[in-house]
Amino acid sequence: MITPVLLCGGSGTRLWPLSRKSYPKQFSPLMGDESLFQASAARLAGEGYSAPVVVTADAFRFIVTEQLDTAGITPGAVLIEPAGRDTAPAVLAAALYVYGQDPDAMLLVAPSDHVIPDAEAFNATVAAALPAAKAGQLVTFGISPDRAETGYGYLELAAAPTGDVAPQPLKAFVEKPDAEAAAAMLAEGRYLWNAGIFLFSAATIKAAYEKFAPDMVKAVQGALDHAKSDLGFTRLAATQWEQAQAISIDYAVMEKADNLSVVPYLGRWSDLGDWAAVWRETEQNGVSLSGPATAIDCTNTLLRSEVPGQAIVGIGLDDIVAIAMPDAVLISHKGRTQEVKQAVAALKTQKAPQAESFPKDHRPWGWFESLVVGERFQVKRIVVHPGAALSLQSHHHRSEHWIVVQGTAKVTVDEDVKLVSENQSVYIPLGAVHRMENPGKVPMVLIEVQTGSYLGEDDIIRYEDVYARE
């Protein structure tokens, strides 16, 4: 059995405005009804795979479990990083966790935001790599390039691949090249794109870290030894974790190891590194449309609306990407979408919330979004999952009106507890201790009208919370 290790962090800047720090691209349904994370988990949930180990951030822990539950997948463990430290500590934490259960366990490490449409072909490639990994090799997977791509790192082989799906010696890792170097590597034929996917045994990768990054092993093992269980999550200890160097697994281990093999993957693959990559994966006759989008006499163009009922129309466009969100719109030349991170940086300088915050604020009980914000008032839509409950709380600076528009809410206001059905409302006075719950089996939706002198999310005093938030 192979244990998938799904890396589920990231800053979410390259596919802004759909992807943001508070809700990065792996959780969005970019390529269909399921998210990239769900697709990655499902791809590695078939025969021969055990329950996945997910490494993620505290802010995403409930999104991870909710999306896995929706996909019908139960994780073997969800490890919570106290802070982002790049891929080397994240992979090591998962490896040490699994090593403690079975030193000979095979680990398949994969980012959770890649697109691999042919799961059967990918799993056949993993099976072809398994004997080498069992023999003590650190196996990485390379993608046969079809263009001179400057956005990917490369794997240099000793000889041009034969077309067989079989382990081959890896000569070197190559950094992201400029256009001239990428064209030369494509012409030479000895280079594959570095997919950042690895297969090895827990014992083999542990030994590699002990040889090349012993200080990291000490720090991460300490974080694991002092980890705390929290609602089924494994919280790595912050004090020890912060001593681990922030570095990629390529730099920390792989580029120094001499027991490396690469297996070419011949199927389609993309890390969706920018909107141009999304266009390549979704275009039909040169145009990619998503949501209420219409293209008239457009070529090589992507139009996407994430706002129900808000149409986006392009006329006579060529090489254009246009993304419409409720709070932001991106319009870019398709050849310059790698520069989106500069737009995010500019918005951060302006302290614009759109730089990092997603319009929908996802919480363990559901989500909410602001519909209207004005002087001393705000209107929100709140969706509460079946059986979920918000914390018992109060506010210093605002009162609230709740109008239920779908389902039934169980509402607590001080000592009063009652059921509020569709088309009924309830008033929450300033300072009242209150809570809303969804006792039903369908999502509960309500409209909240806040009024007061301060409407920030930090105006909350929590008295009880089933999700152990402070």
In Å, rounded to the nearest 0.5 Å, how long is the span from [atom1] of [X] to [atom2] of [Y]?
X      : Y      : atom1 : atom2 : answer
Glu66  : His362 : CD    : NE2   : 8.0 Å
Asn423 : Gln406 : CG    : CD    : 13.5 Å
Leu446 : Ile403 : CG    : CD1   : 8.0 Å
Leu390 : Thr412 : CG    : OG1   : 11.0 Å
Ile315 : Ile296 : CD1   : CD1   : 4.5 Å
Leu303 : Ile331 : CG    : CD1   : 10.0 Å

Evaluate the ring planes of Phe27 and Tyr23, with Trp represented by its six-membered ring, and classify them as parallel (under 30°), tilted (30 to 60°) or perpendicular (over 60°).
->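 Rings of Phe27 and Tyr23: tilted, as their planes differ by 30° to 60°.
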
With a 4.5 Å cut-off on side-chain heavy atoms, are [Y] and [X] touching?
X      : Y      : value
Cys8   : Phe60  : no
His396 : Tyr454 : no
Phe198 : Ile249 : yes
Gln338 : Thr150 : no
Ser28  : Leu36  : no
Trp269 : Val115 : no
Met436 : Ile382 : yes
Leu302 : Glu283 : no

Okay, side chain of [X], backbone of [Y]: is any donor-acceptor separation there less than 3.5 Å?
X      : Y      : answer
Arg20  : Pro17  : yes
His434 : Gln393 : yes
Asp459 : His397 : yes
Asp86  : Ala246 : no
Asp274 : Thr337 : no
Ser40  : Ser112 : yes
Thr234 : Leu79  : no
Thr125 : Ala121 : yes
Trp16  : Leu330 : no
Glu149 : Gly151 : yes

Looking only at heavy atoms, what is the nearest atom pair of [X] and [Y], with distance?
X      : Y      : value
Gly196 : Asn194 : N-OD1, 3.0 Å
Val174 : Met185 : CG1-SD, 4.0 Å
Ala355 : Val344 : O-CG1, 3.6 Å
Glu81  : Leu236 : CA-CD1, 4.5 Å
Gly440 : Pro386 : O-CB, 3.4 Å
Gly316 : Cys298 : N-SG, 3.9 Å

Regarding [X] and [Y], is there a side-chain donor-to-acceptor distance under 3.5 Å anywhere?
X      : Y      : value
Gln354 : Asp327 : no
Thr299 : Asp318 : yes
Gln67  : Ser35  : yes
Thr3   : Ser50  : yes
Ser399 : Thr451 : yes

Counting only heavy atoms not in [X], do more than 12 fall under 6.0 Å of its [atom1]?
X      : atom1 : value
Asp178 : CG    : yes
Asp33  : CG    : no
Glu180 : CD    : no
Asn285 : CG    : no
Tyr467 : OH    : yes
Glu188 : CD    : yes

Which is it for Ile197 and Phe122 under the side chain to side chain contact (heavy atoms under 4.5 Å, CB included) test, yes or no, and what are the steps along the way?
-> CA-CA 11 Å; Ile197 303 173; Phe122 177 75; 4.1 Å; yes

What's the verdict on side chain to side chain contact (heavy atoms under 4.5 Å, CB included) for Thr87 and Leu7, showing C-alpha distance, side-chain angles and the deciding distance?
-> CA-CA 8 Å; Thr87 56; Leu7 305 180; 4.1 Å; yes

Using side chain to side chain contact (heavy atoms under 4.5 Å, CB included) as the criterion, point out the one residue from [options] that pairs with [X].
X      : options                : value
Lys25  : Val278, Asp113, Leu18  : Asp113
Pro326 : Pro359, Ser370, Pro308 : Pro359
Ile80  : Asp58, Val54, Asp230   : Asp58

Would you call [X] and [Y] a salt bridge, taking side-chain N to carboxylate O under 4.0 Å as the test?
X      : Y      : answer
Arg268 : Glu281 : yes
Lys360 : Glu369 : no
Glu400 : Lys380 : no
Arg304 : Glu306 : yes
Arg435 : Glu464 : yes

Ring-face cation of Lys334 near Trp279 (centre distance under 6.0 Å, axis angle within 45°) =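 Judged by the rule, Lys334 and Trp279 form a cation-pi pair.
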
Applying ring-ring contact (aromatic ring centres under 6.0 Å, His included) between Trp193 and each of Tyr265, Phe141, Tyr152, report the one that passes.
->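 In the set Tyr265, Phe141, Tyr152, the residue that makes a ring-ring contact (aromatic ring centres under 6.0 Å, His included) with Trp193 is Tyr152.
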
For Gln450, the option from His395, Arg376, Gln378 that meets side-chain hydrogen bond (donor to acceptor under 3.5 Å, both in side chains) =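 One option only clears the test, and that one is Gln378.
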
Assess whether side chain to side chain contact (heavy atoms under 4.5 Å, CB included) is satisfied between Tyr191 and Leu186, documenting all intermediate values.
-> CA-CA 7 Å; Tyr191 296 85; Leu186 180 65; over 6 Å; no

Less than 6.0 Å separating the ring centroids of Trp365 and His385?
->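 No, the ring of Trp365 stays outside the 6.0 Å limit from the ring of His385, centre to centre.
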
